[in-house]
Amino acid sequence: MSTRKIITSCTRDCPNSCGLVATVRDGRLVKLLGDPNHPLTQGVACHKASKYIKRVYSPERITHPMIRKDGQWTRASWDAVLNLIAERMQTFSAESGNESILYYQGYGERTALKLLNKYFFNLFGGVTTMRGSLCGGAGQGAQNLDFGERVSHDPLDHVNSNSMILWARNPVSTNISLVPLIKGIRERGGTIVVVDPARSKSVALADHHISPRPGGDGYLAMAVAKLVLAAGAQDREFLEKHAVGFRDYKDILDRYSVEELCDLAGVPSTDAETLADMLMDQKPTSILLGWGLHRYEYAHHMIRAIDALGAISGIIGIPGGGVSQGFEEYGPYDQQYWGDDLNPPRRTLLIPRVGEEILNAVDPEIRMIYVTAGNPVCMAPNSNTVAEAFGKAEFVVYSGHFMDDTAESADVFLPATTFLEDDDIMASYGHNYVGPVNKAIEPVGECKSEFHMFHELAARFPFADQYRRTVDEWLQDICAPIWEQGGTLEMLKEGAFRLDAPMVPYADKVFPTETGKFQFMTEFNPLEGASTDERYPYRLLTVAPHGYICSERTMAEHEPLPVIQLNAQEAEVRGVRDGEPVLVSSPVGQVRAMLKVDTGLRRDVALAERGGWIKAGHGLNQLTRDVSSKIGQGTPFYETLVTVEPCA
Ligand SMILES: Nc1nc2c(c(=O)[nH]1)N[C@H]1C(S)=C(S)[C@@H](COP(=O)(O)OP(=O)(O)OC[C@H]3O[C@@H](n4cnc5c(=O)[nH]c(N)nc54)[C@H](O)[C@@H]3O)O[C@H]1N2
Ligand SMILES: Nc1nc2c(c(=O)[nH]1)N[C@H]1C(S)=C(S)[C@@H](COP(=O)(O)OP(=O)(O)OC[C@H]3O[C@@H](n4cnc5c(=O)[nH]c(N)nc54)[C@H](O)[C@@H]3O)O[C@H]1N2
Ligand SMILES: [Mo]
């Protein structure tokens with residue numbers, strides 16, 4: 001019996017990007033645990049990592065290419081499917097132009113070699129692609145306005161924090177390597193506050209849980225800023241020397257009393273006092289923003305008000321401080337390998353409105369859609385429209401692991417390898433390390449990596465020679481900026497490499513903004529983002545599940561109905577009961593769900609977990625509206641109002 005241990009990195013859609021050790025016995029993966037030598041993740045990986053083995057060997061996994069004919073999926077050879085795709089691409093290109101083809105790159109795997117997916121389409125002459133984000137667009141856009149460029153504190157800098165605010169962030173479920181750092185702050189006597197309308201699992205780590213009205217956080221941040229200013233505890237030097245717009249921001253604050261702001265935020269004023277006291281007495285405070293804040297049309301109001309609070313209370317550019325959010329997962333690479341400079345700019349469609357955008361595309365219409373590592377029919381907003389758009393396309397290619405909602409709308413299924421069957425490099429959107437992706441096992445069945453699929457597809461086109469290089473040759477070029485920082489491919493195959501990124505961003509108080517200074521929000525319209533509708537009294541929050549990442553699941557793993565939580569008094573008002581099925585309706589759709597009554601939940605919230613498949617009876621994005629955030633082209637999933645009623 002031969003047992004091998006392979007160092008690798010988790011490439012799933014998660015800020016943690018854990019260093020992993022895969023144990024392989026006789027060619028079969030038997031264990032997947034944290035790599036004790038990873039400087040940040042330090043041997044800890046979440047429970048989803050060890051469970052991932054089941055996913056790799058799941059009987060539901062599609063492990064050979066398939067073609068759908070007359071509604072029936074049939075097994076096909078790689079040659080047959082690749083020939084078909086090449087033939088269709090050429091036909092659509094000749095008849096309607098390249099822009100009749102849409103390439104949709106999902107969030108499922110964001111490694112170095114994934115740049116080359118788009119490179120393939122750009123070698124082809126460029127096609128229609130997506131712009132904007134289903135994930136962090138709004139927050140990044142907002143922080144860019146304040147700081148010039150969003151740069152977060154290295155997570156290891158939190159050892160210098162004496163308190164922390166987890167603002168719309170749930171690391172216990174979504175970012176496990178922060179947990180020991182958070183516990184460390186508490187062990188040093190520091191306070192942890194969670195700001196979240198829902199009682200997330202991270203509340204267990206906190207001294208206080210503040211539960212604002214969804215979308216009300218801007219007001220809360222403004223109330224706290226007023227308290228800090230009233231106490232004369234603002235960072236005068238920072239405001240005078242390193243910031244612009246403070247006077248105008250102060251004018252906005254002066255329009256309200258602390259009580260009014262807390263009222264608008266939906267919290268008692270003692271909550272604002274708790275935060276203000278902490279920021280003043282337990283310096284430095286680190287504020288960690290979660291993705292929950294991004295999913296609003298006016299997300300930038302909230303995020304900019306929190307950035308402003310950070311500036312006023314003197315935590316910007318300070319070890320242990322900062323208003324941190326995410327990192328650039330594609331940042332470390334040579335961006336030319338997206339291939340965007342190979343052609344004149346091609347058409348892009350707005351991802352927050354992907355369904356409508358596809359349906360409305362003209363000159364040319366979208367005739368073919370090619371999806372990799374994403375499940376937009378399930379995960380993009382307003383699923384019914386997305387499904388209609390995919391249904392209308394003449395030819396849909398899906399590359400992935402399972403027969404999910406998007407695969408169901410496809411004509412060709414390309415079975416992709418998981419990261420355990422691939423060689424690659426992985427950077428993170430939650431820390432500053434790049435790590436190796438080393439192949440632990442041979443591809444299951446006939447699965448192929450995305451790289452090899454495009455490689456073989458390219459062989460069917462005149463530009464074959466430009467694509468035909470080995471994985472290592474490509475990595476050498478794509479990762480050139482990492483080599484400039486002292487890394488080598490050999491080093492990177494052995495373990496994580498820390499990028500040349502600051503532990504403490506803006507430590508010199510110079511900001512890459514136009515003014516070189518921190519820029520306060522200077523305009524604020526209170527009417528924006530305050531929509532309510534009597535017919536739909538609850539705001540639907542569809543948050544990250546603890547046990548799964550987004551829609552990465554199998555049919556067998558679904559409960560018969562998604563669970564929706566409602567406050568106990570509201571359940572009574574609606575005449576619905578705990579443990580019984582209910583009908584959840586929004587202006588755009590309806591879903592049946594199982595009611596769970598919660599006495600502690602805010603009365604204005606309906607809480608559920610995202611990611612369940614439509615075909616399994618879930619599909620909560622059938623309820624969500626497809627609008628774009630005002631800043632950052634993000635997706636305001638939580639701008640969805642619903643009502644709940646008994647189910648016939
Ligand atoms: N287990 C697990 N891990 C994951 C994922 C997953 O699905 N499951 N998904 C991955 C992805 S794609 C991402 S982007 C990250 C997300 O990581 P997180 O941001 O940590 O997780 P979310 O659940 O998206 O949002 C965090 C919290 O924001 C709260 N929230 C919603 N609206 C508001 C609001 O208006 N104000 C405040 N203060 N809070 C609000 C929600 O109730 C939720 O508890 O996690 C990644 N990791
Ligand atoms: N209602 C609601 N909807 C949301 C959100 C929300 O909060 N509420 N959050 C949004 C967020 S933050 C995000 S990031 C998006 C995610 O949206 P998507 O990226 O569309 O959805 P995922 O479910 O993450 O799908 C990723 C898929 O990629 C596959 N995959 C992984 N690695 C590879 C690979 O190497 N090759 C191929 N071909 N496939 C691979 C996985 O098996 C999985 O099926 O969803 C968004 N949708
Ligand atoms: Mo995300």
Side-chain angles (χ1 to χ4, degrees), residues 11-16 46-48 55 61 104-111 113-114 117 133-136 166-176 178 194-203 210-218 220 288-296 299 302 306 325-326 371-381 383 398-402 404 406-407 414-419 421-422 424 429-430 447 449-451 453 539-553 605 607-611 613 619-621 623-624 634-635 637-638 640:
T11 68
R12 299 163 76 194
D13 184 358
C14 171
N16 225 69
C46 76
H47 62 109
K48 298 185 291 313
R55 191 168 166 83
R61 184 169 168 198
Y104 183 104
Q105 186 157 23
Y107 294 79
E109 215 202 43
R110 315 186 206 171
T111 58
L113 289 177
K114 296 300 188 259
N117 298 4
S133 171
L134 292 186
C135 186
L166 293 168
W167 211 313
R169 186 147 171 173
N170 179 17
V172 168
S173 297
T174 65
N175 203 170
I176 193 83
L178 291 178
V194 168
V195 184
D196 195 319
R199 203 179 164 74
S200 75
K201 285 203 187 298
S202 297
V203 170
I210 294 176
S211 175
R213 177 177 68 75
D217 302 75
L220 174 60
L288 293 190
L289 303 179
W291 284 262
L293 280 177
H294 299 225
R295 302 188 184 113
Y296 293 87
M302 297 194 271
I306 297 170
Q325 195 256 311
V371 181
T372 59
N375 185 7
V377 172
C378 177
M379 295 309 283
S383 298
Y398 173 91
S399 163
H401 301 143
F402 287 82
D404 62 19
T406 305
L414 304 178
T417 46
T418 65
F419 65 94
E421 301 147 70
D422 279 351
D424 209 330
Y429 65 95
C447 293
S449 71
E450 215 86 79
F451 172 78
M453 288 186 219
R539 197 169 276 267
L540 178 68
L541 302 184
T542 39
V543 304
H546 185 71
Y548 302 98
I549 295 196
C550 294
S551 77
E552 264 192 14
R553 47 191 94 195
V605 165
L607 179 68
E609 291 181 343
R610 68 183 184 219
W613 297 356
L620 292 170
N621 276 321
L623 300 166
T624 54
T635 309
F637 289 99
Y638 302 164
T640 296

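What you see is a predicted model; the values in this text were computed from it and never measured. Reckoned from all heavy atoms, side chains included, excluding hydrogens, waters and symmetry mates. Start at 1 and go down the list; that is how both ligands and their atoms are numbered.
- At a heavy-atom distance under 4.0 Å, atoms from both the backbone and the side chain of A168 approach ligand 1.
- Proximity to Y638 (heavy-atom distance under 4.0 Å) selects the following atoms of ligand 1: 31 (C), 32 (N).
- For ligand 2, none of its N or O atoms has an N or O atom of T624 under 3.5 Å away.
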W613 and F402: ring pair (Phe, Tyr, Trp, His ring centres under 6.0 Å), yes or no, with the steps?
-> CA-CA 11 Å; W613 297 356; F402 287 82; 7.1 Å; no
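- Summarising the contacts of atom 32 (N) of ligand 1 with Y107, Y548, W291, Y296, the nearest heavy atom is found in Y296.
- When the options P197, A299, G292, P171 are ranked by their closest heavy atom to atom 37 (C) of ligand 1, first place goes to P197.
- No N or O atom of T372 sits closer than 3.5 Å to an N or O atom of ligand 2.
- Among the atoms of M379, some N or O lies under 3.5 angstrom from an N or O of ligand 2.
- Using a non-hydrogen distance threshold of 4.0 Å, N621 registers as a contact of ligand 2.
- Polar contact with ligand 2: present for S551 (N/O pair, distance under 3.5 Å).
- Note: H47 and H546 have parallel aromatic rings, judged against thresholds of 30 and 60 degrees for the angle between ring planes.
- Atom numbering of ligand 1 starts at 1 in the shown order; those under 4.0 Å from a heavy atom of A198 are 42 (O).
- Comparing M302, Q325, E609, R295 against atom 22 (P) of ligand 1, the shortest heavy-atom distance belongs to R295.
- For ligand 2 and D13, the ligand atoms under 4.0 Å from any heavy atom of the residue are 14 (S).
- Among the atoms of C550, some N or O lies under 3.5 angstrom from an N or O of ligand 1.
- Shown here are the ring-ring contact (aromatic ring centres under 6.0 Å, His included) partners of Y548, two or more places apart in sequence or in another chain: there are none.
- Near V195, meaning under 4.0 Å from one of its heavy atoms, ligand 1 places the atoms 37 (C), 38 (N), 39 (N).
- Contact detail for R55 and E552: the closest heavy-atom pair is NH1-C, 3.4 Å.
- Interface of T542 with ligand 2, defined as ligand atoms under 4.0 Å from a residue heavy atom, comprises 1 (N), 2 (C), 6 (C), 7 (O), 8 (N).
- Across A544, P545, G290, P15, heavy-atom proximity to atom 1 (N) of ligand 1 is greatest for P545.
- Listed by atom number, the atoms of ligand 1 under 4.0 Å from S173 heavy atoms are 1 (N), 2 (C), 3 (N).
- With a 4.0 Å cut-off on non-hydrogen atoms, C46 does not touch ligand 1 at all.
- Within ligand 1, counting atoms from 1 as listed, the ones closer than 4.0 Å to a heavy atom of D217 are 34 (C), 35 (O), 36 (N), 37 (C), 38 (N).
- The closest approach between any non-hydrogen atom of K114 and ligand 2 is below 4.0 Å.
- Ligand 1 lies within reach of Y429, whose nearest heavy atom is under 4.0 Å from it.
- Inclusion of R213 in the set of residues having an N or O under 3.5 Å from an N or O of ligand 1 is not warranted.
- Near L134, the atoms of ligand 2 lying under 4.0 angstrom from a non-hydrogen atom of the residue are 10 (C), 11 (C), 12 (S), 46 (C).
- Heavy atoms of R55 approach ligand 2 to within less than 4.0 angstrom.
- Checking only distances, R110 never comes within under 3.5 Å of ligand 2, N or O to N or O.
- Note: no N/O pair closer than 3.5 Å links Y104 and ligand 2 by distance alone.
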